[in-house]
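Numbering of ligands and ligand atoms starts at 1, following listing order. Not measured: the values here are computed from a predicted model.
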Amino acid sequence: MSPVASILDAILPDTCVGCARPGGALCPPCLAALHSELPRRRDPTPRPRGLPPVTAAGAYAGTLRTALLSYKERGRTRLAEPLARLLAAAIVTAFCAAEVAGPIVIVGVPSTARARRDRGHDHVETLAGAAVISLRAAGIPAVRLRALRRRGSVRDSAGLSADERAHNAGSAFVVRRRARRDVRGRTVLVVDDIVTTGSTAVAVTLALEAAGARVAGVAVVAATARRCLVKADVEV
Ligand SMILES: [Zn+2]
C-alpha cells in the first residue's frame, strides 16, 4: 500500500467494496452476507504433505476476494477490522476442531520485507492482532506470538526438483531467537490471510515444528477454490 493510498482511505467517504454504496468499507448487508457462511475446513487440492488442517472463513471469491485485495493492495486499511472478525471466526473454528486445551495461541505468517515496506505494515500481523483483540472482547483467551521471521536468502525455486522445492520452502521461515522459549512445547495455530496451494503454511509449520511447537491447524480469511496444480510446493 502506498502512503498516499492510506491517507486517501482515511479522508475519503467510505463506500462498500461489495456493493459500492456508502455505509462503510464493508456495509452491514455485505458484511452480514460474508458472516452468513460459517468457517469450515477448506484444504487445498492437491493437499501438500505436512499441511495441517486448513479452516477458512470463506472462499477467495466475490466480495471477500475484493475486500482482501482492497485491504492488501489498495490501502483500504479500514477493512482490517471486518476482515479480522472473519479471521477470528476461522481461528475459533480451527481451535475447536483441534480439540486442544488452554488459550488459543496464534502465529501469523510474516510478510516479506518488501511487502511490508510497500504496504507500510505487515498486513497479516495487523489482522492477527485485531483478531486477538476481538476474541478477547468476546471472552475467549487468545495470545499472539510474533514468532517467525523470513529468511532473506531463499533460492528462486525455478528449475528445482520437487524435493528441492520442498526443502527450499522449508527454509523460508525461522523462529526468532527470542521467541524460541515461547514456542517450544506449545500447541499453536498458524494464521494467514489466504491459502492457495498451502506451501507457505507447510513452510511455516516446518519452522515451528523444528523449534518444538505443535501446529494444530491453519486459520485463514479465505481459501482459493479447488484447482489442479501438478506441483503444490511453489508458493513461498
Ligand atoms: Zn455493501
Listing by chain and number, which protein N, O or S atoms are under 2.8 Å from the Zn ion (ligand 1)?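 Checking every protein N, O and S atom gives C16 SG, C19 SG, C27 SG, C30 SG.
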
Between R116 and E125, does any NZ, NE, NH1 or NH2 come within less than 4.0 Å of an OD or OE carboxylate oxygen?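 So E125 does not pair with R116 through a salt bridge.
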
Can you sort out the partners of R41 under salt bridge (Lys or Arg N to Asp or Glu O under 4.0 Å), two or more places apart, ordered by chain and number?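 For R41, the residues satisfying salt bridge (Lys or Arg N to Asp or Glu O under 4.0 Å) (neighbours in sequence not counted) are D43.
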
Can you name the side chain to side chain donor-acceptor pair (under 3.5 Å) partners of D122, sequence neighbours left out?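 Result, side chain to side chain donor-acceptor pair (under 3.5 Å) vs D122: S111.
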
What pairs with R40 under side chain to side chain donor-acceptor pair (under 3.5 Å), at least two apart in sequence or on another chain?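 By the side chain to side chain donor-acceptor pair (under 3.5 Å) rule, R40 matches no residue at all.
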
Test your reading of the model: is there a side-chain donor-acceptor pair from R176 to the backbone of L148, 3.5 Å cut-off?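 Yes; at least one donor-acceptor contact below 3.5 Å.
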
Give a yes or no on this: more than 12 heavy atoms of other residues, nucleotides or ligands lie within 6.0 Å of atom CZ of R85.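 Result for CZ/R85: open.
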
